[in-house]
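Atoms within each ligand, like the ligands themselves, are counted from 1 in listed order. Side-chain atoms are counted along with the backbone in the values below, which use heavy atoms only and exclude waters and symmetry mates.
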Amino acid sequence: MTTDPHLDWPFFEPHHKVLAAHLDRWASTEMTAAHGKDVDKICSGLVRQLGEKGWLKYAVGGTQYGASAEVIDTRSICLIRETLARHSGLADFAFAMQGLGSGAITLFGTPQQKAKYLPQVVQGSAIAAFALSEADAGSDVAAMQCEARRKGDGYLLNGEKTWISNGGIADFYVVFARTGEAEGSRGITAFIVDSTAPGFAIGERIEVIAPHPLARLTFKNCRIADEQRLGQPGGGFKVAMATLDVFRTSVAAAALGFARRALQEALRRATSRKMFGQVLSDFQLTQAKLAGMATDIDAAALLTYRAAWLRDRGQPVTVEAAMAKMTATETAQRVIDAAVQIAGALGVVSEQTVERLYREIRPLRIYEGATEVQQLIVARGIIQAFRESEPSRA
Ligand SMILES: Cc1cc2nc3c(=O)[nH]c(=O)nc-3n(C[C@H](O)[C@H](O)[C@H](O)COP(=O)(O)OP(=O)(O)OC[C@H]3O[C@@H](n4cnc5c(N)ncnc54)[C@H](O)[C@@H]3O)c2cc1C
């Protein structure tokens with residue numbers, strides 16, 4: 001069994017160590033078709049494999065629906081994402097989207113909604129997606145225009161969503177739309193929309209630097225039954241934020257996985273590449289680079305697993321998760337860039353591991369709250385804490 005030294009950190013319990021080691025072994029020996037150009041086929045296949053082998057049990061909550069525990073264990077999803085990301089960005093993506101796409105159902109679904117969707121998510125027989133962003137409402141989510149109007153005993157959904165991961169292959173989408181109870185963030189409601197719903201269509205497929213299924217969705221008088229509403233009318237913003245809150249720390253963990261793989265590749269290359277009568281790693285300039293990469297990865301990992309551990313203890317982690325997400329994603333970008341530099345020309349050859357990582361890491365600094373948004377969250381949190389500790393200055 002692989003025993004990464006960081007699994008001995010006090011954040012983890014013995015079962016976390018077993019989970020990470022088993023998954024690492026499975027991903028090394030049994031996971032198949034995790035890379036390639038036909039991303040729809042690869043991602044659908046990966047969801048099936050992850051479901052069949054039981055890894056998706058960790059992506060949802062509720063043992064009666066097949067989950068590993070009543071409540072999603074943040075350290076488990078972080079370890080799974082870190083491990084999968086070391087092996088394959090698409091495998092990490094497939095796992096993460098099953099969790100993010102069904103997270104609102106785990107957190108806010110009725111027993112009927114949970115019974116209908118969660119077992120299929122766990123088995124990998126239904127693919128989930130989370131549709132929040134619009135062309136003019138990304139970081140500023142509350143500016144969304146997609147609307148759902150009351151019609152009879154249901155709703156009519158009209159508008160568009162874009163940058164939706166799993167768009168085109170998902171079986172259902174958790175969609176957020178304006179329902180008008182109030183202005184801004186308090187007038188939004190969440191719905192579960194099946195891909196077969198009349199009036200729902202894929203407007204366009206979107207190609208990105210690290211390809212995965214991604215699309216713009218259109219809704220034209222798309223009828224949604226009342227039973228498909230998730231949470232309270234007007235409570236959609238809360239549903240979206242609570243869902244993102246569960247998974248934000250796991251984005252940091254995925255970045256760690258990419259960074260650790262890049263360091264491994266850099267060490268492999270630096271210790272074998274002969275030049276000027278020695279190998280690359282004999283040069284102190286290279287050693288400084290490797291030392292910086294290793295240290296930055298551990299610093300980001302400590303922030304990541306601190307946030308995960310605190311969350312599993314039931315503590316609020318808004319600031320800690322933001323620190324982890326921005327640090328791990330920015331660190332991983334720098335580490336991977338250094339690995340490309342160490343590889344030389346080989347590092348920019350299409351589909352070489354470090355070239356793939358170089359493309360795969362980039363969106364993580366943008367989605368689920370760009371780095372600047374995380375900076376604002378941290379600043380707001382520490383300023384508020386300071387004012388509370390010194391009320392005279394408030
Ligand atoms: C690969 C990928 C997959 C995605 N998958 C999904 C998905 O499944 N579901 C979904 O709903 N969305 C998804 N998104 C969308 C993603 O959440 C948005 O791209 C993100 O919220 C940023 O919105 P935006 O792209 O409109 O950028 P904008 O909101 O226009 O922001 C542009 C830039 O402005 C800066 N910025 C933002 N706020 C501030 C500020 N307050 N102060 C200073 N600078 C700021 C940041 O650098 C940011 O990158 C995905 C995006 C990508 C790239």
Evaluating non-hydrogen atoms only, which member of [options] is closest to [atom]?
atom                    : options                : value
atom 26 (O) of ligand 1 : G369, G138, A143       : G138
atom 47 (O) of ligand 1 : E372, M144, R362       : E372
atom 29 (O) of ligand 1 : A170, S133, S139, A135 : S139

Side-chain heavy atoms of [X] within contact of [Y], under 4.5 Å:
X    : Y    : result
I188 : E181 : no
W163 : R216 : no
D245 : F247 : no

Heavy-atom protein contact below 4.0 Å for [atom]:
atom                    : answer
atom 34 (O) of ligand 1 : no
atom 41 (N) of ligand 1 : yes
atom 37 (C) of ligand 1 : yes

*Compute the minimum heavy-atom distance from V208 to ligand 1 and say whether it is under 4.0 Å.*
no

Taking 4.0 angstrom as the limit and counting only heavy atoms of [X], give me the atoms of ligand 1 inside it, by number and element.
X    : answer
I366 : 19 (O), 20 (C)
P363 : 1 (C)
A370 : 46 (C), 48 (C), 49 (O)
L214 : 3 (C)
V373 : 38 (N)
F130 : 7 (C), 8 (O), 9 (N), 10 (C), 11 (O)
H212 : 1 (C)
L376 : 40 (C), 41 (N)

*Would you sort out whether R86 and D24 count as a salt bridge (Lys or Arg N to Asp or Glu O under 4.0 Å), showing the intermediate values?*
CA-CA 9 Å; R86 264 196 291 114; D24 188 52; 3.2 Å; yes

Ligand 1 to [X] polar contact by distance, N or O atoms, under 3.5 Å:
X    : result
D140 : no
T162 : no
S165 : yes

*With respect to Q113, which candidate in L230, T106, L118 satisfies the side chain to side chain contact (heavy atoms under 4.5 Å, CB included) definition?*
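Between Q113 and the candidates, side chain to side chain contact (heavy atoms under 4.5 Å, CB included) is satisfied uniquely by L230.
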
*Has R150 got its NZ or CZ under 6.0 Å from the middle of the six-membered ring of Y155, at an angle within 45 degrees of the ring axis?*
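Judged by the rule, R150 and Y155 form a cation-pi pair.
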
*Lys NZ or Arg CZ of R311 over W309 ring: under 6.0 Å, within 45°*: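 Not flagged: R311 not positioned over aromatic ring of W309.
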
*Give the residue and atom name of whichever protein heavy atom lies nearest to atom 2 (C) of ligand 1, and the separation in Å to one decimal.*
Y367 CD2, 3.6 Å

*In terms of residue, atom name and distance, what is the protein heavy atom nearest to atom 7 (C) of ligand 1?*
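Ranked first by proximity to atom 7 (C) of ligand 1 is W163 O, 3.2 Å.
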
*Within the 6.0 Å centroid threshold, strictly below: F95 and Y58*: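 Ring centroids of F95 and Y58 are no less than 6.0 Å from each other.
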
*asked:* Do V175 and I164 land in one hydrophobic cluster if side-chain heavy atoms of ILVMFWY residues count as linked below 4.5 Å?
replied: yes

*Just say parallel, tilted or perpendicular for the rings of F12 and H6, cut-offs at 30° and 60°.*
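Answer is perpendicular, since the angle exceeds 60°.
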
*With distance as the sole criterion, is a donor-acceptor pair present between the side chains of N166 and H212 under 3.5 Å?*
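Per modelled atom types, N166 and H212 side chains form no pair under 3.5 Å.
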
_Under a 3.5 Å cutoff, is there a donor and acceptor pairing between the side chains of T63 and E70?_
yes

